[in-house]
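Quick notes on the structure that follows.
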Amino acid sequence: MDGYEGGTGETLNLSRLNLESLDLDEMSQDRKRETQQLYLPYNRFTVLPASISLFSNLVFLDISHNGLAFICEDILRLSKLKTLIAKNNRLDEFSLPKDFGSMSLEVINFSGNRFEEVPSQFLKLQTLHYLSLGGNRLKTIPSEIENLTSLEMLYLGGNAISSIPPELANLRYLSYLVLCDNRIQSIPPQLTQLHSLRSLSLHNNLLTYLPREILSLIHLQELSLRGNPLVVRFVKDMTYDPPSLLELAGRTIKSRNLPYTPWDLPGNLVRYLDLASKCPNPKCGGVYFDSCVRHIKFVDFCGKYRLPLMHYLCSPECTSPCSSNPQSDADSEDESSVPAHRMQKVLLG
């Protein structure tokens with residue numbers, strides 16, 4: 001081993017050596033103990049070598065660009081490991097040890113593999129800050145993604161994902177979300193709960209509109225939308241189901257501010273009334289519950305781009321606060337112009 005050791009001190013670089021196994025018999029115990037960063041890319045490993053566990057103080061491991069199809073149980077002995085990079089291998093959801101989720105990993109990059117699902121073990125990594133599964137075969141994002149409560153960066157670009165679970169919005173520390181090059185058709189309005197989000201990459205999907213609530217992402221600095229079939233003109237009265245008698249009664253109570261208490265009404269009706277949504281048209285002042293009209297509103301970002309945002313009106317008779325002409329700003333709401341400091345970069349081209 002001494003004949004092809006690379007690096008000094010805490011770093012050991014054994015990349016591009018055509019290795020199929022990792023024989024450490026000739027390496028000193030001090031060298032194994034000192035090594036905190038180990039690089040093994042561009043070799044010929046098909047299984048993570050069991051001898052990897054001899055690096056007891058390992059913090060960083062890169063085993064990208066191998067033929068790796070299985071990660072052995074011995075990796076669980078690396079109690080200090082924080083970063084694991086295994087890009088461009090042959091790993092899938094069956095390649096990991098059962099107790100992989102018990103590790104204290106903070107960074108995982110398994111891009112360019114064969115995952116069709118996010119491994120359940122990943123969803124148990126409470127200390128994970130960065131997760132990259134780009135360029136795999138994922139079709140869904142599991143709702144359990146919300147369990148990764150420390151996550152700051154999520155990269156899932158280049159998959160076959162068609163929808164975003166609302167539970168993703170529970171990742172309170174998420175700052176960078178990359179969902180480009182997928183098959184996503186809509187964005188759940190719950191994403192506005194991502195108050196730490198600074199960058200949102202959605203280019204090359206199937207989006208035709210954005211939820212109007214996206215304007216409440218006050219820290220968002222970059223929004224990438226190029227390559228989406230975003231609508232190019234205002235769409236009116238897309239769908240409308242007449243309100244039920246229950247909804248009509250509820251609208252009357254809320255619109256006229258009629259007082260009520262839990263002692264006046266059954267509990268289910270009180271909860272129903274509490275779910276009223278205010279019509280966004282400032283000329284209306286009405287409310288709605290389940291029955292509403294979907295409209296597309298064009299919003300000016302940074303004085304340069306006009307983006308179609310979905311919003312909801314209480315009835316077809318409600319005058320839209322938006323002009324039907326996408327080039328006109330007449331009767332627009334205050335939100336129709338987003339200051340440059342709120343959205344520093346919008347990528348459409």
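Side-chain atoms are counted along with the backbone in the values below, which use heavy atoms only and exclude waters and symmetry mates.
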Look only at the side chain of S196 and the backbone of R172, and say whether a donor-acceptor pair between them is shorter than 3.5 Å.
-> yes

Single-linkage hydrophobic cluster Y155~L133, side-chain heavy atoms < 4.5 angstrom | no

Could you check if a side-chain atom of L38 sits within less than 4.5 angstrom of a side-chain atom of L14, using non-hydrogen atoms only?
-> yes

Just how far is it from atom CD of E34 to atom OG of S56, taken to the nearest 0.5 Å?
-> 11.0 Å

Of all heavy-atom pairs linking S186 and I164, the shortest is O-CD1, 4.3 Å

Residues M27, L12; criterion side chain to side chain contact (heavy atoms under 4.5 Å, CB included); working and verdict = CA-CA 12 Å; M27 180 178 290; L12 179 60; 3.7 Å; yes

Is it the case that S28 and D30 place a side-chain donor and acceptor less than 3.5 Å from each other?
-> no

Are I71 and S95 side-chain neighbours, meaning at least one heavy-atom pair lies under 4.5 Å?
-> no

Between the CG atom in L156 and the OG1 atom in T140, the distance rounded to the nearest 0.5 Å is 10.5 Å

For L258, does the CG atom sit with more than 12 other heavy atoms under 6.0 Å from it, leaving out its own atoms?
-> yes

Considering non-hydrogen atoms only, spot the tightest contact between R90 and N113 and give its length.
-> N-OD1, 3.3 Å

Does N159 reach the main-chain N or O of F115 with its side chain, forming a donor-acceptor pair under 3.5 Å?
-> no

Could you go through the side chain to side chain contact (heavy atoms under 4.5 Å, CB included) check for L171 and L177 one step at a time?
-> CA-CA 11 Å; L171 300 177; L177 177 58; over 6 Å; no

Atom OG1 of T83 and atom CG of D62: how far apart are they, to the nearest 0.5 Å?
-> 10.0 Å

Donor on one side chain, acceptor on other, S132 and S111, under 3.5 Å | yes

Are M153 and L125 in one and the same hydrophobic cluster, where Ile, Leu, Val, Met, Phe, Trp and Tyr link if side-chain heavy atoms are under 4.5 Å apart?
-> no

Would you check if the side chain of S150 reaches a backbone N or O of L128 as a donor-acceptor pair within less than 3.5 Å?
-> no

Taking the side chain as every heavy atom from C-beta outward, state whether L200 and I187 have any pair of such atoms under 4.5 Å apart.
-> no

Separation between CE (M103) and CD1 (I75), nearest 0.5 Å, reads 4.5 Å

Between H195 and H219, which heavy-atom pair has the shortest distance, and what is it?
-> O-CD2, 2.8 Å

K124 NZ: over 12 foreign heavy atoms closer than 6.0 Å = no

Does some side-chain heavy atom of F45 sit less than 4.5 Å from a side-chain heavy atom of N89?
-> no

Find out if a path of hydrophobic residues (ILVMFWY) with successive side-chain heavy-atom gaps under 4.5 Å connects V178 to L131.
-> no

Which is it for F55 and L61 under the side chain to side chain contact (heavy atoms under 4.5 Å, CB included) test, yes or no, and what are the steps along the way?
-> CA-CA 10 Å; F55 296 101; L61 173 60; over 6 Å; no

All heavy atoms of S163 vs all of I184, minimum pair found to be N-CG1, 4.4 Å

Would you say the side-chain atoms of T208 pair up with the backbone N or O of P229, donor to acceptor, closer than 3.5 Å?
-> no

Output yes when a side-chain donor or acceptor of N88 lies under 3.5 Å from a complementary backbone atom of S64, and no otherwise.
-> no

Taking all non-hydrogen atoms of both residues into account, name the closest pair between S53 and D74 and its distance.
-> CB-O, 3.6 Å

With distance as the sole criterion, is a donor-acceptor pair present between the side chains of N109 and K87 under 3.5 Å?
-> no

N182 side chain to C180 backbone, donor-acceptor under 3.5 Å = yes

Over all heavy atoms of both residues, which pair between I214 and T192 is shortest? Give the atoms and the distance, please.
-> N-CG2, 3.7 Å

When hydrophobic residues are tied together by side-chain contacts of less than 4.5 Å, even through go-betweens, does L22 share a cluster with L91?
-> yes

Among side-chain atoms of N228 and N205, is any donor-acceptor pair under 3.5 angstrom?
-> no

Looking at side-chain heavy atoms only, is the closest gap between L210 and L223 below 4.5 Å?
-> yes

Stepwise side-chain hydrogen bond (donor to acceptor under 3.5 Å, both in side chains) check, N204 with D181 = CA-CA 5 Å; N204 298 329; D181 299 290; 2.9 Å; yes

State whether the side chain of E93 and the backbone N or O of E116 hold a donor-acceptor pair below 3.5 Å, judged by distance alone.
-> yes

Taking it one step at a time, do N57 and R33 satisfy side chain to side chain contact (heavy atoms under 4.5 Å, CB included)?
-> CA-CA 6 Å; N57 292 314; R33 186 168 53 252; 3.4 Å; yes

Is the distance between the ring centroids of Y39 and F60 under 6.0 Å?
-> yes

Does L154 reach the side chain of L148, with side-chain heavy atoms less than 4.5 Å apart?
-> no

Would you check, one step at a time, whether the test side-chain hydrogen bond (donor to acceptor under 3.5 Å, both in side chains) holds for N13 with S15?
-> CA-CA 6 Å; N13 189 346; S15 60; 2.7 Å; yes

Without swapping roles, check the side chain of Q121 against the backbone of P97 for a donor-acceptor pair under 3.5 Å.
-> yes

Can any side-chain N or O of R226 pair as donor or acceptor with the backbone N or O of H203 at less than 3.5 Å?
-> no

Crowding at OH, Y272 (>12 non-hydrogen neighbours, <6.0 Å) = yes

Value rounded to 0.5 Å, distance of NZ in K82 from CG in L58 | 12.0 Å

Distance col, row N147:CG vs S120:OG, nearest 0.5 angstrom, shows 11.0 Å

Got more than 12 heavy atoms from elsewhere within 6.0 Å of OH, Y260?
-> yes

Under the 3.5 angstrom rule, does the side chain of T261 hit a backbone N or O of W263 as a donor-acceptor pair?
-> yes

Do N66 and T46 come close enough that some side-chain heavy atom pair is under 4.5 Å?
-> no

Answer whether the closest heavy-atom distance between the side chains of F122 and E117 falls below 4.5 Å.
-> no

Joint cluster assignment, L48 & Y42, ILVMFWY side-chain distance < 4.5 Å | no

